[in-house]
Amino acid sequence: MGETRNEKLRGDLFYASTLLSELHLFQAAKWCAEALNGLQEPDSPIDIPIDVPTQSPQELADRPRVLLAKTYMNCKEFDRAAHVLKGCQSGNALFLRLYSILILVDKKATEETDGSINIGTFNEIIEPDGETNDKEVVSGLNTRLSKILQEIDAFHTSGQENAFLSYLSGVIYNKKKKYTLAQNCLFSSLKLFPYNWSCWQELIASLNLLDDALEFMNKIKSSKSSLSGNVMFQFFEVVILQEFYQLLIPLSDSLGSLISIFPKFNFLKVQQFLIAYHNLDYFQAESIFDKILVDDPLRLDDLDTYSNMLYVMEKRSKLSFLAQFASTIDKFRPETCCIIANYHSMKCEHGKAIMYYKRALTLNKNCLSAWTLMGHEFVELKNSHAAIESYRRAVDTNPKDFRAWYGLGQAYEVLDMHLYALYYYQRATNLQPLDKRMWQAIGNCYEKIDKFEEAIKSFEKALTIDSYNNEDNDGVFSTEPHICYRLATISEKLGRTGDTYKYMKLCSDQEYEWGISDATSKARLWLARNALDNNRFEEAYELAKDLNHNNAHDIEEARSIARDARNRMSK
């Protein structure tokens, strides 16, 4: 039974890759071809069964001009391709013509602006005093997009259906940020032709909130179409849950099921890598990606994310080798530019890093991580306003990037605009609720605007997450001393002596796990002072006698407490 299903999958993927290549949807074609080669090997050599639909009279009549148009598209002459296809009747011919026009519109957008702006965002990012010329360009480009939509609507109104024209409508509505319309069009496309992975990606891009994504998945499951039972829906489900950082049992089950069908498909191994990476399990993630590179040593896809992880792990030599290696494969890939930028950032050459991130964006304005990472570089250069602009572009390109929302919060916090910072930290927390850094940042903002109750709740949430992540097999947990100390100081401001003592004691106890730090030393000094005031002289002496970590004033106070406690004990 499994072999029969795999044979059908082989046929479907082979046909899909061939058709997508014919329609110049090369990324989707590549994905299908890789999936085909990643399938479990058959027990014996077989012919791939291909179910090719018969061509309509219109398609047969359009074939000569479609062939000519495709040669023009191969030569990057998109205007000639669109011109030669005028008057063609078939859906795929109309798709090629309108797709050529869309590529021209996108090309025009890149030429007329700074080279890194998306069509649908012009009106939002042009400043009030921006040049009129830019606004005229925007208006003209949006008019051409509307005309493409009108032609597609006219085709569908005539009673004909075409999966790729519906896909094109979805792409344009996504650019215009009309996400509900985009989802409807993309869903219609996938019901007709589910193997267009680019269509699934556009659908993922249109779902900016987890609740929306879950609702849409339930809509597909409850619909009467066969889409919910298709293997492509499983891929979609895995990527959605991974992108929204949902480390759930269903995700693990779906991924395991797909890997059993596609054991050699590196796309699935990349999903495993991303899950480990988002879960901050860097060593596991590194091991997974190293195996991917052994299988596919010339792969540049996702290599920039791998380099981000090496940067966080401070593996300078490996990142240096990766930058050199990627340059030998292709210097002009956005992934390569991001890797080189990360290398320069690690060397604290922030100006060079920014230059390479800009180069990545020139090569691909949808490069998701470049805007965020460039924002980090501007923060290092203390240029908060440039950092804010970079982060804004990042969340515009990918609203699911929690790092960009967090970066916006940090930038506004530096400017002492704590209410703005709080808003952006909350957006980051909605995307990554199990990251203690988000809750610490929120607690910090609440404390600065004197909302101490909210600050305590935020730091307690961070403490809970930290304790859960650092619990050992014996049920003993450790937690970051800084979180405990902040909880103690806020409790002291609220006059809660019991809570203050509890958190100071918890902070001091972390010395055994985390080592001596400013937080543990200050907590130890407070506990020594408290013990002295409450006539626990021996405890005060033990706490204060060896304290020599903090500033001179604290050290002197600790010595004074130790002398006083010793004198009182001798009496």
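No salt bridge links R437 with E480; every basic N to acidic carboxylate O contact stays at or beyond 4.0 Å. With respect to R536 and D533, no salt bridge is recorded, no charged nitrogen being found less than 4.0 Å from a carboxylate O. A salt bridge between R496 and E453 is present, with a side-chain N of the basic residue lying under 4.0 Å from a carboxylate O of the acidic one. With respect to D564 and R568, a salt bridge is recorded, a charged nitrogen being found less than 4.0 Å from a carboxylate O. Between R524 and D509, no side-chain nitrogen of the basic residue sits less than 4.0 Å from a carboxylate oxygen of the acidic one, so the salt-bridge criterion is not met.
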Query raised in the report: Which is it for Y179 and N184 under the side-chain hydrogen bond (donor to acceptor under 3.5 Å, both in side chains) test, yes or no, and what are the steps along the way?
Result: CA-CA 9 Å; Y179 296 124; N184 291 337; over 6 Å; no
Report task. Show the numbers, then the answer: is there a salt bridge (Lys or Arg N to Asp or Glu O under 4.0 Å) between E237 and K221? Result -> CA-CA 11 Å; E237 195 171 23; K221 287 175 182 177; 3.1 Å; yes
Query raised in the report: Could you walk me through whether W405 and Q426 pass the side-chain hydrogen bond (donor to acceptor under 3.5 Å, both in side chains) check?
Result: CA-CA 8 Å; W405 292 111; Q426 285 170 337; over 6 Å; no
Requested in this report: Report the C-alpha separation of E454 and K451 in whole Å, then their side-chain angles, then the decisive distance to 0.1 Å, and conclude whether the salt bridge (Lys or Arg N to Asp or Glu O under 4.0 Å) test is met.
Outcome: CA-CA 6 Å; E454 289 84 351; K451 291 194 173 183; 5.2 Å; no
Query - Full working for side-chain hydrogen bond (donor to acceptor under 3.5 Å, both in side chains) between N342 and S307 - result: CA-CA 7 Å; N342 283 341; S307 77; 2.8 Å; yes
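In this structure, OG1 in T180 is found 8.0 Å from CG in D212, a value given to the nearest 0.5 Å. If you take CG on L431 and NE2 on H278, they are separated by 11.0 Å, rounding to the nearest 0.5 Å. Note that OH of Y311 is 8.5 Å distant from NE2 of H376, once rounded to the nearest 0.5 Å. In this structure, the separation between CG on L209 and CZ on F216 is 14.5 Å, given to the nearest 0.5 Å. A distance of 10.0 Å separates NZ in K502 from OG1 in T500, rounded to the nearest 0.5 Å. Separating the CH2 atom in W514 from the OG1 atom in T479 is a distance of 7.0 Å, to the nearest 0.5 Å.
Aromatic ring pairs are classed by plane angle as parallel below 30°, tilted from 30° to 60° and perpendicular above 60°; the pair F236 and W200 is tilted. By the 30° and 60° cut-offs, the orientation of the rings of W31 relative to F235 is perpendicular. The aromatic rings of F289 and F273 sit perpendicular, their planes meeting at an angle over 60°, well past the 30° parallel limit.
The two residues K400 and I204 make their nearest non-hydrogen contact at NZ-O, 2.9 Å. In terms of heavy-atom proximity, H350 sits nearest to S345 at CE1-O, 4.1 Å. Of all non-hydrogen atoms in S508 and A523, the two that sit nearest each other are N-CB, 4.0 Å. The two residues I465 and D435 make their nearest non-hydrogen contact at CD1-N, 4.4 Å. The shortest non-hydrogen separation linking S206 to N174 is CB-OD1, 3.2 Å.
Checked against the 6.0 Å centroid criterion, the rings of Y503 and Y485 do not qualify as a close aromatic pair. F267 and W197 have their aromatic ring centers within a separation under 6.0 angstrom. Taking the ring centroids of Y391 and W371, they lie at or beyond the 6.0 Å cut-off.
Sorted by first then second residue, the salt bridge (Lys or Arg N to Asp or Glu O under 4.0 Å) pairs that include residues 405-433, not counting sequence neighbours, are E413-K448. Among residue pairs with one or both ends in residues 265-279, those qualifying as salt bridge (Lys or Arg N to Asp or Glu O under 4.0 Å) are K269-D295; sequence neighbours excluded.
Of the residues listed (E286, K318, E335), the one engaging Y306 in a side-chain hydrogen bond (donor to acceptor under 3.5 Å, both in side chains) is K318, and it is the only one.
The cationic group of R403 does not satisfy the cation-pi geometry with Y406, failing either the under 6.0 Å distance to the six-membered ring centre or the 45° limit from the ring axis.
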